[in-house]
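What you see below is based on every heavy atom in this structure, not just the backbone, and it leaves out hydrogens, waters and symmetry mates.
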Amino acid sequence: MVQAIVFDFDGTIIETETPDYQSWQEIFLEFGTSLSQKLWTGYIGTAAGTFDPYGLLAQQSGRSVDRAAVRTRRRQRFHELVAQEPLRPGVAVLLEAAAAQGIPLAVASSSTRDWVEEHLTTRKLRDYFSAVFTANDVERVKPDPMLYQLAVRALQVEPAQALAIEDSLNGMLAAKRAGLKCVVVPHGMTQHMDFAEADWVAPSLADIGVAQLLTM
């Protein structure tokens, strides 16, 4: 029986991964080149800064890149695209069901605290979560298990009693290495990743009954 649930944020609660890639792809196209989706997806679910798109942009285009100007413009476009994204299907229902049954919830995200807290607050989701752990809380983010270890400790459950909801390979690996069960709900950017270690893979949380999730 699941006694706690830990959600990833990006790509799991809101599908931010496609807007992130799209906003960069638009920049690359302006420079007369393109950003490989395969290359991009390899970095999904891990730390910002692991991949240097500015350096790649300069290398592929053969042009100098004003990092500050590109950063500002790209970030604005990214925020515009994310604002248009609804919650992923089934998320709201699961949050409500868990709250009704007194099941504690946390977020474990490789993104920054400002980013995660901003969107949870804007979407009126913050009060569902007893704890939020982000890149600001650990030395190493996913696939390192520390974010999930902190989450289950804060929720006061054993790892085997907790369920992780993820969308990426790095996230799944982090959850499994921490000893949690893991349900993966891929999207267009992650659907071809190898989720063989997951306990369950579904196209949508809405395709899984809440009762089924809570009795895993």
Assess the side chains of [X] and [Y]: does a donor N or O sit below 3.5 Å from an acceptor N or O?
X      : Y      : value
Glu166 : Tyr148 : yes
Thr134 : Asn136 : yes
Glu26  : Ser23  : no
Ser111 : Asp10  : yes

Extract all donor-acceptor atom pairs below 3.5 Å that involve side chains of residues 83-96 and protein atoms in other chains or at least two apart in sequence.
unit_1: Gln84; atom_1: NE2; unit_2: Glu80; atom_2: O; d: 3.4
unit_1: Arg88; atom_1: NH1; unit_2: Gly11; atom_2: O; d: 2.8
unit_1: Arg88; atom_1: NH1; unit_2: Val185; atom_2: O; d: 2.7
unit_1: Arg88; atom_1: NH2; unit_2: Pro186; atom_2: O; d: 2.8
unit_1: Glu96; atom_1: OE2; unit_2: Tyr128; atom_2: OH; d: 2.4

Using modelled atom types and a 3.5 Å cut-off, is there a donor and acceptor pairing between side-chain atoms of [X] and backbone atoms of [Y]?
X      : Y      : answer
Gln161 : Val2   : no
Lys176 : Cys182 : no
Gln37  : Trp40  : no
Thr12  : Phe9   : no
Arg113 : Val132 : yes
Thr190 : His187 : yes

Check: [Y] and [X] side chains under 4.5 Å, non-hydrogen atoms:
X      : Y      : answer
Arg67  : Asp52  : yes
Leu205 : Ile165 : yes
Glu139 : Met146 : no
Val138 : Asp144 : no

(request) Run the ring-centre check on Phe195 versus Trp200 and record whether the distance is less than 6.0 Å. (result) no

(request) Kindly say whether the aromatic ring centers of Phe51 and Trp24 come within a distance under 6.0 Å. (result) no

(message) With a 6.0 Å cut-off (strictly less than), is the heavy-atom count around CD of Gln101, excluding the residue itself, greater than 12?
(response) yes

(message) Does Glu158 have more than 12 heavy atoms from other residues, nucleotides or ligands lying within 6.0 Å of its CD?
(response) no

Between [X] and [Y], is there a shared hydrophobic cluster once you connect ILVMFWY residues whose side-chain heavy atoms come closer than 4.5 Å?
X      : Y      : value
Tyr21  : Leu169 : yes
Ile5   : Leu125 : yes
Val141 : Val6   : no
Leu163 : Val152 : no
Leu214 : Leu155 : no

Between [Y] and [X], is there a salt bridge with N-O shorter than 4.0 Å?
X     : Y      : answer
Arg71 : Asp66  : no
Asp8  : Lys142 : yes
Asp20 : Arg75  : no

(message) Angle between ring planes, Phe78 versus Trp115, binned at 30° and 60°: parallel, tilted or perpendicular?
(response) parallel

(request) Drop me the distance from Phe133's CZ to Arg153's CZ, to the nearest 0.5 angstrom. (result) 8.5 Å

(request) Enter the distance from Met172:CE to Leu180:CG here, rounded to the nearest 0.5 Å. (result) 13.0 Å

(message) Going by the rule side-chain hydrogen bond (donor to acceptor under 3.5 Å, both in side chains), which residues pair with Arg126 if we only count those two or more places apart in sequence or in a different chain?
(response) Glu117

(message) Run Glu30 and Arg73 through salt bridge (charged side-chain N to carboxylate O under 4.0 Å, His left out) and show every step you take.
(response) CA-CA 12 Å; Glu30 287 179 16; Arg73 195 155 53 87; 2.8 Å; yes

